[in-house]
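First listed ligand is number 1; within each ligand, the first listed atom is number 1. Every heavy atom of this structure was used, including side-chain atoms; hydrogens, water molecules and symmetry mates were not.
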Amino acid sequence: MKKSLCVVGLGYIGLPTSVMFAIHGHKVHGVDINHKAVEMINNKQLHIEENGLQERLEEAVDAGLFQASVEPTEADVFVIAVPSPIREDKTANLDYVRKATEAIVPFVKEGNLVILESTVPPRTVEDVMIPVLEQTGLAIGEELFVSHSPERVIPGKVFQELVDNDRIVGGINEKSSTMTKELYQSFVKGNIHLTDATTAEMAKVIENTYRDVNIAFANELALISDKIGVNSWEAIKLANYHPRVNIHTPGPGVGGHCIAVDPWFLAEIEPDLSKIIQLSRNTNDYMPTYTAEQIQQISKEQFINDPKVALFGLSFKANIDDQRESPSLKVIMELVEKGISFTTFDPHIKDNVASNQTQDMDEALKDADILVILTDHDEFKQLDPEYIKGKMKNRLVFDTKNALSLDEWKNAGYVTKRLGDSKNG
Ligand code: SAJ
């Protein structure tokens, strides 16, 4: 049955989700505190980059099934998809979740369903949202239904994963779970697994923590390999041929608003019991420092005492424009601290937001001694060493993402280094 929805938060998750519900026939009222984003969305313009979003937004708005506003409205279902970041001290900042819940209270009626999609520490629905929703005067679980259905999609492939991925639905009771499942079935083709709200919260945090711990392991292997004449990328690839081994890849650090953040939710709740989780976080957080140290060392080895660095890649991962928690920004800070001069370039980031950023690749390379790849964008994988050669002052290249075919670069006369690979160095 077609429903009316009020989706609070029109960011990387809320906007694609709103558009998906709308093109499947539901009437969606999107809410965001960002006036500019609201205006752009109503004009069918995007304030974020995501494959397939533009055409779906146009379809939804043209069908009259999606509009955005800065205020919530009455609806059958309320979906909350707001940020849940951590504070400086690594504790969860649930202010956005709390405020979004407070904002819908005046609009919630008997029979409504409230779904939280944001990733949160276990017990947030029970301990943070329910007390706020009780202000409606409705009997929770009998007159007002509540669930957690965490988003699990990866930026860049959101529309594919919204449809194909299995989904977890954790209701505060069975009726809440069933209502939520029925709604998502309008576009989800993966299985929908029902559980309680707190288990759903835990499962989602586990997914990202698993990945963080696994990446930390890969980074540790890279650090070891840098000392002992091994290429960790090759060794990990070989180990992964074993049917029960799946090691992730090393890199200059872990970015994004999820994997670098969510493990702290568990560390905060049980600090003494989350030793592997905290160690992994710290290992991954050390990688930008290590990257900057390596830049300095490689330059010194080539007797370049005052190197100029061309940093390629500012987003936190390949082929997206999202820079939240990007390791590149931390590498920049480290270089600034070391007094090393640099330029930055990223074909996916159209506004100049980072230090010394240019939109012109040739300008970024001008007088550079060392080219450093920090994000494995497709554009970088296709870089032509012969072309680049004419632009740089010295020919050093440091690849932190195994994006380049370094043999080719070596043959073109470059001194090459790959993070986590001392086999050829
Ligand atoms: N990274 C590595 N090595 C790897 C994989 C990733 O260094 O082997 C780095 C990336 O470069 C990036 C960071 O980790 O900086 C995170 O990237 P990602 O692609 O692993 O994850 P996200 O943050 O884009 O999305 C994750 C996904 N979770 C899982 O894969 C378990 C996604 O499904 C979630 O929806 C999302 O977090 C979220 O919102 O929680």
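Comment: Lys423 engages Glu234 in a salt bridge, judged by a side-chain N to carboxylate O separation of less than 4.0 angstrom. In this structure, Asp76 does not pair ionically with Lys2, as no charged nitrogen and carboxylate oxygen lie closer than 4.0 Å.
Judged purely by atom type and a 3.5 angstrom limit, Glu151 uses its side chain to pair as donor or acceptor with the backbone of Val153.
Note: His248 and Tyr210 meet the aromatic proximity criterion, with ring centroids under 6.0 Å apart. Here the two rings, on Phe21 and Tyr184, have centers that are under 6.0 Å apart.
Taking a heavy-atom cut-off of under 4.0 Å, ligand 1 is surrounded by Glu151, Arg152, Val153, Ile154, Pro155, Lys204, Glu207, Asn208, Arg211, Ile215, His248, Thr249, Gly253, Val254, Gly255, Cys258, Ile259, Phe316, Lys317, Lys401.
A cation-pi arrangement is absent between Arg418 and Phe398, since the terminal nitrogen or guanidinium carbon is not both under 6.0 Å from the aromatic centre and inside a 45° cone about the axis.
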